[in-house]
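This report refers to the structure that appears directly beneath it.
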Protein chains: 2
Amino acid sequence: MPNNQFKKGELYSFITGKASTAIARRLQKKFNGAGLNITIEQWSVLYHLWKQEGISQQELCNATFRDKPSITRLVDNLEKLNLVKRVPSEHDRRINMIYLTKQAQKLQEDTMALAEETLNEALETVPADKVDTCKEVLQIVYDNLK
Amino acid sequence: MPNNQFKKGELYSFITGKASTAIARRLQKKFNGAGLNITIEQWSVLYHLWKQEGISQQELCNATFRDKPSITRLVDNLEKLNLVKRVPSEHDRRINMIYLTKQAQKLQEDTMALAEETLNEALETVPADKVDTCKEVLQIVYDNLK
DNA sequence: TTTGAATAGTTGCACAAACAACTATATGCC
DNA sequence: GGCATATAGTTGTTTGTGCAACTATTCAAA
């Protein structure tokens, strides 16, 4: 028997991701309110570069679960904002290595604090073990479909 | 103490909604593969109209968690595809009542089957009680932030 | 060594989202 | 009745996404 535990109406939220939409909107408002002039999508690219910079656009595709054109344009816009730089690889001239500017490095602490704040608001009143289960399920969903 | 159970790196998936992105992409591919020429966003509007048609654009905003311009354009595109019709309300001339065409009524069964199929693939190997917990947590997140 | 396939990245197009500014209509209060 | 305010919907702009088609470079096999 299929794993079909979706009464109509519940199915909808799962597919449309209302929860993550709500989280992203809240975080975007916090960014705007703090005068941080970046989008959530741009932040998601910086997020991975803070962990490791000097990676290729293709690696950013894999890390952020986006296709190549999306990353091209996000990097375009991040470059316009003076937050990253494309540096051609010396070993393989097809590749751009993406590096953070000093300005981007300065953003890390503030934006991560706002992200944690947002998640705390989102998960207020949710017991820790349920959050763990939820994370686990979402990870499996991602692995099943990616 | 704040409800801060996010080690770095887990935070990311929660905010960016990788799981629901994966689900939506998979479902879109199924639509395309079946020759159904609609987007997931258009489907999400039809979804609510199948439950009840003749509602206003504002009611569609609330139901789909979108703003008014988004619904205006989704209804524009659904009208171009001959799937819905705007009918001016007689009682309040500001309001458009949105009705389904016969063509849209025919889409319900097929698309809902593909949606269920997608969710079954997504949740393969996930025990039912964990799915329940996950749904519960996501609902609370939504309620906390909406 | 040359040629064909694979890989990295870009560009064009259609669709969607968020925000601000706008029009038209309705409502409530004096 | 007339005016301020609220509500429903539209339009313009910027940003992001997905797909297809494209260029440039690398790699591998004949």
Side-chain angles (χ1 to χ4, degrees), chain A residues 16-18 20-33 37-46 55-81 83-84 86-98, chain B residues 15-18 20-33 36-46 55-81 83-84 86-98:
Chain A
T16 57
K18 281 167 83 171
S20 58
T21 302
I23 292 173
R25 279 189 204 165
R26 174 68 61 96
L27 180 55
Q28 183 70 65
K29 288 212 166 79
K30 284 182 192 288
F31 282 179
N32 297 344
N37 187 30
I38 60 170
T39 66
I40 300 304
E41 293 84 0
Q42 290 164 359
W43 173 82
S44 81
V45 172
L46 296 178
I55 62 179
S56 71
Q57 293 187 199
Q58 182 58 55
E59 286 170 312
L60 279 175
C61 291
N62 302 335
T64 64
F65 195 42
R66 288 182 170 88
D67 68 356
K68 289 191 289 180
S70 294
I71 289 297
T72 292
R73 276 138 187 163
L74 282 171
V75 171
D76 284 349
N77 286 335
L78 285 166
E79 246 185 348
K80 280 183 206 156
L81 291 169
L83 293 173
V84 307
R86 285 177 166 101
V87 178
S89 163
E90 295 177 1
H91 309 294
D92 186 337
R93 289 193 300 168
R94 292 171 302 180
I95 293 179
N96 293 329
M97 316 287 273
I98 310 299
Chain B
I15 292 176
T16 57
K18 281 166 83 169
S20 58
T21 302
I23 292 173
R25 276 188 207 167
R26 173 69 62 96
L27 180 54
Q28 182 71 65
K29 288 211 166 81
K30 283 181 191 289
F31 282 179
N32 297 343
L36 302 173
N37 187 28
I38 60 170
T39 66
I40 300 303
E41 294 83 2
Q42 290 165 359
W43 173 82
S44 81
V45 172
L46 296 179
I55 63 179
S56 70
Q57 293 187 199
Q58 182 57 55
E59 286 169 311
L60 279 175
C61 291
N62 302 336
T64 64
F65 195 41
R66 287 182 170 87
D67 68 357
K68 290 192 288 179
S70 293
I71 289 297
T72 291
R73 275 139 186 163
L74 282 171
V75 171
D76 285 349
N77 286 335
L78 285 167
E79 246 185 349
K80 280 182 207 157
L81 291 169
L83 294 173
V84 307
R86 286 177 165 99
V87 178
S89 164
E90 295 177 2
H91 309 295
D92 186 336
R93 290 194 299 168
R94 293 171 303 181
I95 294 178
N96 292 330
M97 316 287 273
I98 311 299

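Just so you know, these numbers use all the heavy atoms, side chains as well, and skip hydrogens, waters and symmetry mates. Fair warning: this is a prediction, and the values are worked out from it, not measured in the lab.
Nucleic acid contact for B/Asp67: base, since at least one base atom lies under 4.0 Å from a heavy atom of the residue.
One cannot find a donor-acceptor pair under 3.5 Å joining the base of D/dG9 and the side-chain atoms of B/Arg66.
Summarising the geometry, the separation between CD on A/Gln42 and C1' on D/dT15 is reported as 8 Å, rounded to the nearest angstrom. Rounding to whole angstrom units, CZ of residue B/Arg73 and P of C/dC19 are separated by 14 Å. We find that CD1 of A/Ile95 is positioned 12 Å from P of C/dT10, with the value rounded to whole Å. If you measure from atom CZ of A/Arg93 to atom C1' of D/dT25, you get 7 Å, rounded to the nearest angstrom. The separation between A/Asn77 atom CG and D/dT14 atom C1' is 9 Å, rounded to whole Å. Between the CG atom of B/Leu78 and the P atom of C/dC15 there is a distance of 11 Å, given to the nearest Å. Taking atom CD on B/Glu79 and atom C1' on D/dG9, their separation rounds to 13 Å, with Å as the unit. Atom CZ in A/Arg26 sits roughly 14 Å away from atom P in C/dA18 (whole-Å rounding).
Heavy-atom distances to DNA chain D give each of A/Leu74 and B/Met97 a nearest nucleotide, and the one nearer the 5′ end belongs to B/Met97. Of the residues near DNA chain D, A/Glu90 and A/Pro69, the one whose nearest nucleotide (by heavy atom distance) lies more toward the 5' end is A/Pro69. Heavy-atom nearest nucleotides on DNA chain C were determined for A/Asn96 and for A/Gln28, and the one closer to the 5' end corresponds to A/Asn96. Nearest-nucleotide mapping onto DNA chain C: of A/Lys29 and A/Glu59, the residue sitting toward the 5' end is A/Glu59.
Contact between the side-chain N/O atoms of B/Asn32 and the OP1/OP2 oxygens of D/dG18 is not found at any separation under 4.0 Å. One finds no side-chain N or O of A/Gln57 lying less than 4.0 angstrom from the OP1 or OP2 phosphate oxygen of C/dT7. Using a 4.0 Å cut-off, some side-chain N or O of B/Arg25 falls inside it from OP1 or OP2 of D/dG18. At the phosphate of D/dT10, OP1 or OP2 sits under 4.0 Å from a side-chain N or O atom of B/Arg86. One finds a side-chain N or O of B/Thr39 lying less than 4.0 angstrom from the OP1 or OP2 phosphate oxygen of C/dA16.
Using a 4.5 Å heavy-atom cutoff, the side chains of B/Thr64 and B/Ile71 are in contact. Counting heavy atoms from C-beta on, the side chains of B/Asn77 and B/Glu41 never come closer than 4.5 Å. Annotation: side chain of B/Arg86 is in contact with side chain of B/Asp76 (closest heavy-atom distance under 4.5 Å). In this structure, A/Val75 and A/Val84 have side chains that are in contact, with non-hydrogen atoms separated by less than 4.5 Å.
Side-chain atoms of B/Asp67 and B/Ser70 include a donor-acceptor pair closer than 3.5 Å.
With D/dG9, C/dA18, C/dT10 as the candidates, the nucleotide lying closest to the side chain of A/Thr21 is C/dA18.
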